[in-house]
Amino acid sequence: MEVIVQKTPEDMARAAAREVANVLNAKPNAVLGMATGSTPLGVYQELVKLHKRGELDFSHVTTFNLDEYVGLPITHPQSYHQFMHENFFRLVNIPAQNIHIPSGTTTNYPAFCAWYEQRIRECGGIDLQILGIGSDGHIAFNEPGSSLSSRTRLKTLAKQTIDDNARFFERREDVPIYAITMGVGTILEAREIILLANGAKKADAIAAAVEGPVTSMITASALQMHPSTRVYVDEPAASKLKMREYYDWIQEKMPGAPPA
Ligand code: PGA
């Protein structure tokens with residue numbers, strides 16, 4: 001894992017967006033794994049800016065979102081379909097048929113989940129996966145205890161996640177209890193991964209994910225097994241990392257390293 005500490009969430013968003021842009025410049029028909037939540041919003045805003053300036057074309061891009069709440073119609077303001085449409089898809093030029101988001105309203109979850117996995121394979125796998133992290137250390141909705149080789153499936157949300165996400169709903173009781181989510185095993189197959197976190201509330205989860213043991217109690221820790229993950233954090237989210245000085249040293253010395 002490479003840890004890149006940025007001064008502000010805005011710096012983090014710009015750096016992560018640059019990374020997405022590099023992938024698309026090298027491979028215009030790349031497959032992107034998309035995340036929802038407040039953390040990746042800044043990255044989407046940066047990508048939209050680049051697109052509007054004519055510097056980034058999404059017309060050959062395919063996307064797969066990580067997860068969706070079960071039971072919310074796609075038009076519900078808090079559905080991840082709606083979030084992605086409002087904050088990204090309506091603002092760039094990805095063909096509608098190239099956009100994939102798990103269904104939270106299918107009548108057959110096992111069949112849908114199997115189809116989603118198959119569709120990712122048919123599209124050649126995910127080139128770059130964007131991830132946030134929950135305060136309980138989850139990636140996507142892979143809550144503590146999720147198998148580290150899990151695939152797309154239905155999950156029961158942890159109470160902490162319901163509490164964390166209640167801020168987006170009128171009442172806590174309105175937060176869905178179930179979600180459909182890519183598994184940890186699905187995520188680990190992405191060729192490159194960027195994990196984003198900002199704010200002091202994420203400091204414990206980031207420290208556990210990056211420096212703790214690999215454990216299903218913190219599903220983000222499974223990223224330690226992935227060959228190409230970069231972790232973008234702002235100062236407060238980095239505040240509990242013990243090896244912080246070393247991460248900064250690596251970034252400082254990287255330009256002088258022989259080509260890998
Ligand atoms: P957040 O959610 O970006 O809204 O903090 C992150 C997550 O739960 O993955």
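In each ligand, atom 1 is the first atom listed, and ligand 1 is the first ligand listed.
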Participant: Side chains of residues 252-260: which donor-acceptor partners sit under 3.5 Å, not counting sequence neighbours?
Facilitator:
none

Participant: Quick one: are the ring centres of Tyr116 and Phe64 less than 6.0 Å apart?
Facilitator: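 Yes.
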Participant: So, Phe58 versus Phe88, ring centres under 6.0 angstrom or not?
Facilitator: yes
Participant: If the condition is side chain to side chain donor-acceptor pair (under 3.5 Å), which residues does Arg151 pass it with, not counting sequence neighbours?
Facilitator: Glu117, Glu189
Participant: Who's touching ligand 1 if we go heavy atoms under 4.0 Å?
Facilitator: Gly37, Ser38, Thr39, Gly132, Ile133, Gly134, His138, Arg167, Lys202
Participant: Step through it carefully: locate the ring centre of Trp249, locate the ring centre of Tyr246, and say whether they are under 6.0 Å apart.
Facilitator: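 They do not qualify: ring centres at least 6.0 Å apart.
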Participant: Output all residues satisfying side chain to side chain donor-acceptor pair (under 3.5 Å) with Thr36, sequence neighbours left out; order by chain, then residue number.
Facilitator: none
